[in-house]
Colleague: 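There's a structure below that I have some questions on.
The basis for the numbers below is simple: all heavy atoms, side chains too, and nothing from hydrogens, waters or symmetry mates. In listed order, ligands and their atoms are each counted from 1.
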Amino acid sequence: MTLIYQSTRDENNKVTASQAILQGLANDGGLFTPLAMPDMALDFEALTHASYQEVAKLVLSAFLDDFTSEELDYCIANAYDAKFDTEDIAPLVKLNKHYNLELFHGSTIAFKDMALSILPYLLTTSAKKQGVDNKIVILTATSGDTGKAAMAGFADVPGTEIIVFYPKNGVSKIQELQMTTQKGQNTHVVAIDGNFDDAQTDVKRMFNDADLRARLLEQKIQFSSANSMNIGRLVPQIVYYVYAYAQLLKTGDITNGQAINVTVPTGNFGNILAAYYAREIGVPIAKLICASNENKVLTDFFQTRTYDKKRDFKVTSSPSMDILVSSNLERLIFHLVGNDAAKTKELMAALVSKGEYQLDQVDQSILDLFEAGYASEADTEAEIKKVFQENNYIEDPHTAVASSVYRAYREHSNDDTPTVIASTASPYKFPRVAVKAVTGEDSGDDFAAVDELHQLSGVVIPAAVRDLQMAPVRHTTVVPTAGMQEAVEAYLGV
Ligand SMILES: *Cc1c(COP(=O)(O)O)cnc(C)c1O
C-alpha cells in the first residue's frame, strides 16, 4: 500500500512520497502531509541493537514507501557517514534533570544536518524516479542554520543549484561566515535587508508565482524547497526520536513501554512535528513540550488557540527560532481540524489577510499532548549557567531555551517523566552567548569566545568552526527584500 501525502489546502492534491519530495511545496501553497500513519509495530528491544542507519532504514521505508530498498540504502549510506563526528550520529547525553539528544554532530554543527545531509539524495532519487530531467533549483530562506546545512548538502550535486537568502542582521557572526564562505559552483548566498519572515514570505511567493514557474520551465528549470516544509526534511527527523527511545532502553534508564516527554526548541515547528509523528507510530511519548524564545507566538497559540502574528519581531540570542509565521504548524492545524483541507486553507488565508486565526472546533486529544512555554533572554542566559554549574556541560542558547522551559514545566507540574531535550546546536555556533552566560564577560569576538569556550567545557573545537577563520569569503551580495526575485532571475538567466 502506498502512503498518500495530501496538500493541507486541497483535498484533491494527493501525491506519493517521491512526488511530494520533488515538489517541495504544493502548488496551491499547502504542505504535503501524510493522511495516515504507517503501521510500524516498533520492536524497541530489537532496536536497542540497531545502528542509527538501521533505524533510519526502518522509518524511511515506512514513510517513503515508493522508494526501493536499494534507493533508500544509497541515500542513507551517503547521508549518515563520516560527515558526522560520532558513529552514534545522534548521541544521548544524561544530565542531572534531563537527557540532551545531541543533534549537532554533522558538518554544520546544528540539527538541520540530520535531515539536510539526506535530502539531496532523496531529491535527486525522486527526480530520477519521476523521470524528471529539469535542473532543480533549491530556493531557501534561512534564519541561520538551514541555509548553511542545505548548501553543505547540495554543493556540487549534479543537476542542482541552490540559492539561499538570510537576514543581514539576524544571524550570528559564525553563522554568517559559514554561509558566505560556502564553496561549490552551484551555490548562491544573498543577504537581505529584512528579517527571516520577510525572506520566507517572498520565497513562498516565488514558489507560487505561476508566471515565474512557466518561464523557468521553458529553460528546463524547476524549484524545489529545502525548507522544513519539504516532507523529505520532516521524515528523516522522526528517526532520532525512535533512536533516542531505543538508547534509553538500552542503558536501562527506562523500561520498555515507559513513557518519556520530549522538549523541543521550536521555530518553524518541524522538529516538534517530527516528534509528534514519532509518537503516532508508537514511540511512548507522553508530553510534547514546545519551547519558544521571546518570539512566543506558539506559546500564546497553545494557550489561547489563537495564532496571532501581529507583534514585534524580536532578534534574540537563539536566532534560528526568531520566527513569527511557523510554517509546519500548518500540518498540525490540518490534523487538529480533522485533516480538513478546506478549513485549513481558510485559516491560512485569514493569517495572511487579518494576521491571525482562531481555532474553534479541534481534536482536543491532539491539542492535549502539547505543553508550551517560553524563555526570555535573561532566562536563557541563566539556564546556560545553571546547567553548567550542575553538570559541567554547556548548552547552546537554543537548547537552553528548551531546557529553561522544561525546568519551569517540571517545577510547576511535578511531572518527573524522563525527558529528552532536542539539543539543536553546538555551543560553538554561538560561542559569545555561551561564554558570557557562564562567565558574565563578553569575549568581544566570536573566535576569542571559541577558545574560551574550549577552556571552559573541554569539548574539542569542531572542524566546522576551526577552519572558518581562514576561509575566504565568496558571497557578498546584499539586496532589499523587494529585490529577491530579481536576484534569482539573474542567477538563473531567465
Ligand atoms: C532550525 C532550528 C530550530 C527550530 O527548529 P524548527 O524545526 O524550525 O522548529 C531550533 N534550534 C536550532 C539550532 C535550529 O537550527
Side-chain angles (χ1 to χ4, degrees), residues 31 100-117 119 140-150 152 164 166-167 170-172 174-175 178-179 196-197 199-200 225-238 240-241 262-278 288-293 295-299 301-302 316-332 370 372 374-375 380 384 395-405 421-431 433-434 464:
L31 282 67
N100 270 2
L101 178 60
E102 292 189 347
L103 303 174
F104 53 76
H105 288 270
S107 50
T108 74
I109 61 174
F111 102 98
K112 304 294 194 291
D113 290 326
M114 301 304 296
L116 282 165
S117 53
L119 183 68
T140 292
T142 185
S143 55
D145 291 332
T146 297
K148 174 62 191 183
V164 169
Y166 74 93
V171 300
S172 82
I174 298 254
Q175 284 180 312
Q178 278 189 312
M179 289 190 278
F196 170 69
D197 282 319
Q200 176 155 269
S225 157
N227 278 55
S228 58
M229 297 173 279
N230 193 319
I231 200 78
R233 279 277 304 276
L234 203 51
V235 171
Q237 293 178 358
I238 300 168
Y240 44 75
Y241 292 110
V262 171
T263 306
V264 184
T266 298
N268 250 335
F269 211 78
N271 203 1
I272 194 166
L273 188 71
Y276 168 70
Y277 286 147
L288 296 154
I289 303 168
C290 174
S292 301
N293 64 23
N295 294 292
K296 62 181 186 61
V297 64
L298 288 166
T299 311
F301 166 72
F302 281 109
T316 73
S317 59
S318 44
S320 301
M321 299 157 65
D322 288 347
I323 288 169
L324 294 181
V325 180
S326 188
S327 310
N328 271 293
L329 184 69
E330 179 167 343
R331 288 189 166 109
L332 186 74
F370 289 86
Y374 78 101
T380 307
I384 294 174
E395 291 181 335
D396 99 286
H398 301 77
T399 308
V401 164
S403 181
S404 169
V405 166
I421 292 183
S423 178
T424 49
S426 160
Y428 281 111
K429 204 153 189 175
F430 306 93
V433 180

Colleague: Please lay out, stage by stage, how Thr140 and Thr142 fare under the test side chain to side chain donor-acceptor pair (under 3.5 Å).
Modeller: CA-CA 6 Å; Thr140 292; Thr142 185; over 6 Å; no
Colleague: Give the C-alpha distance, both sets of side-chain angles, the deciding distance and a yes or no for side chain to side chain donor-acceptor pair (under 3.5 Å) between Asn230 and Ser225.
Modeller: CA-CA 6 Å; Asn230 193 319; Ser225 157; 5.2 Å; no
Colleague: State the atoms of ligand 1, each with its element, that fall below the 4.0 Å cut-off from a heavy-atom position in Gly270.
Modeller: 6 (P), 7 (O), 9 (O)
Colleague: Measuring from the heavy atoms of Ser228, does anything fall under 4.0 Å of ligand 1?
Modeller: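 No, Ser228 has no heavy atom closer than 4.0 Å to ligand 1.
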Colleague: If I compare all heavy atoms of Ile109 with all of Ala464, which pair ends up nearest, and what's the gap?
Modeller: CG2-CB, 4.2 Å
Colleague: From atom 7 (O) of ligand 1, work out which of Asn227, Asn271, Thr142 has a heavy atom at the shortest distance.
Modeller: Asn271
Colleague: Suppose I only count heavy atoms of Asp145 and a 4.0 Å limit; which atoms of ligand 1 are within that range?
Modeller: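 Those qualifying, in numeric order: 12 (C), 13 (C), 14 (C), 15 (O).
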Colleague: Relative to ligand 1, is Lys112 under 4.0 angstrom through side chain, backbone, both or neither, heavy atoms considered?
Modeller: side chain
Colleague: Applying side-chain hydrogen bond (donor to acceptor under 3.5 Å, both in side chains) between Asp145 and each of Lys429, Gln178, Lys112, report the one that passes.
Modeller: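 The residue from Lys429, Gln178, Lys112 that satisfies side-chain hydrogen bond (donor to acceptor under 3.5 Å, both in side chains) with Asp145 turns out to be Lys429.
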Colleague: What residue and atom, counting heavy atoms only, is the protein's closest point to atom 10 (C) of ligand 1, and at what distance?
Modeller: Pro265 O, 3.5 Å
Colleague: Tell me whether Ala110 has any N or O atom under 3.5 angstrom from an N or O of ligand 1.
Modeller: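 Such a contact does not occur with ligand 1.
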Colleague: Check for me whether the distance between the ring centres of His398 and Phe430 falls short of 6.0 Å.
Modeller: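 That pair passes the under 6.0 Å test.
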Colleague: Are any side-chain N or O atoms of Thr399 and backbone N or O atoms of Thr424, one a donor and one an acceptor, separated by less than 3.5 Å?
Modeller: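 The answer is yes, because a donor-acceptor pair under 3.5 Å joins these two groups.
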Colleague: Does Thr266, backbone or side chain, put an N or O under 3.5 Å from an N or O of ligand 1?
Modeller: no
Colleague: Between Ile323 and ligand 1, does any nitrogen or oxygen pair lie at a separation below 3.5 Å?
Modeller: no
Colleague: I'd like to check which ligand 1 atoms, numbered from 1 as shown, lie under 4.0 Å from a non-hydrogen atom of Phe111.
Modeller: 1 (C), 2 (C), 3 (C), 5 (O), 7 (O), 14 (C)
Colleague: Would you check if there is a donor-acceptor pair between the side chains of Asn293 and Thr316 at a distance under 3.5 Å?
Modeller: yes
Colleague: May I ask you to identify the nearest protein heavy atom to atom 6 (P) of ligand 1, giving residue, atom name and distance to one decimal place in Å?
Modeller: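 Nearest protein contact, heavy atoms only, for atom 6 (P) of ligand 1 is Asn268 N, 3.5 Å.
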Colleague: Given the rule in the side chain to side chain donor-acceptor pair (under 3.5 Å) test, do Asn268 and Ser327 qualify, once you have shown the distances and angles that lead to the verdict?
Modeller: CA-CA 5 Å; Asn268 250 335; Ser327 310; 3.2 Å; yes
Colleague: Return the residue, atom name and 0.1 Å-rounded distance of the protein heavy atom closest to atom 12 (C) of ligand 1.
Modeller: Thr424 OG1, 3.4 Å
Colleague: Show the atoms of ligand 1 that are less than 4.0 angstrom away from any heavy atom in Phe269.
Modeller: 6 (P), 8 (O), 9 (O)
Colleague: Have a look at Glu395 and tell me which of Ser423, Ser403, Ser426, Ser404 forms a side-chain hydrogen bond (donor to acceptor under 3.5 Å, both in side chains) with it.
Modeller: Ser403
Colleague: More than 12 foreign heavy atoms under 6.0 Å from OH of Tyr374: is that the case here?
Modeller: no
Colleague: To the nearest 0.1 Å, how far is atom 9 (O) of ligand 1 from its closest protein heavy atom, and which atom is that?
Modeller: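 For atom 9 (O) of ligand 1, the nearest protein heavy atom comes out as Gly267 N, 2.8 Å.
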Colleague: For ligand 1, which atoms, with element, lie under 4.0 Å from some heavy atom of Ala425?
Modeller: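 Those atoms are 13 (C).
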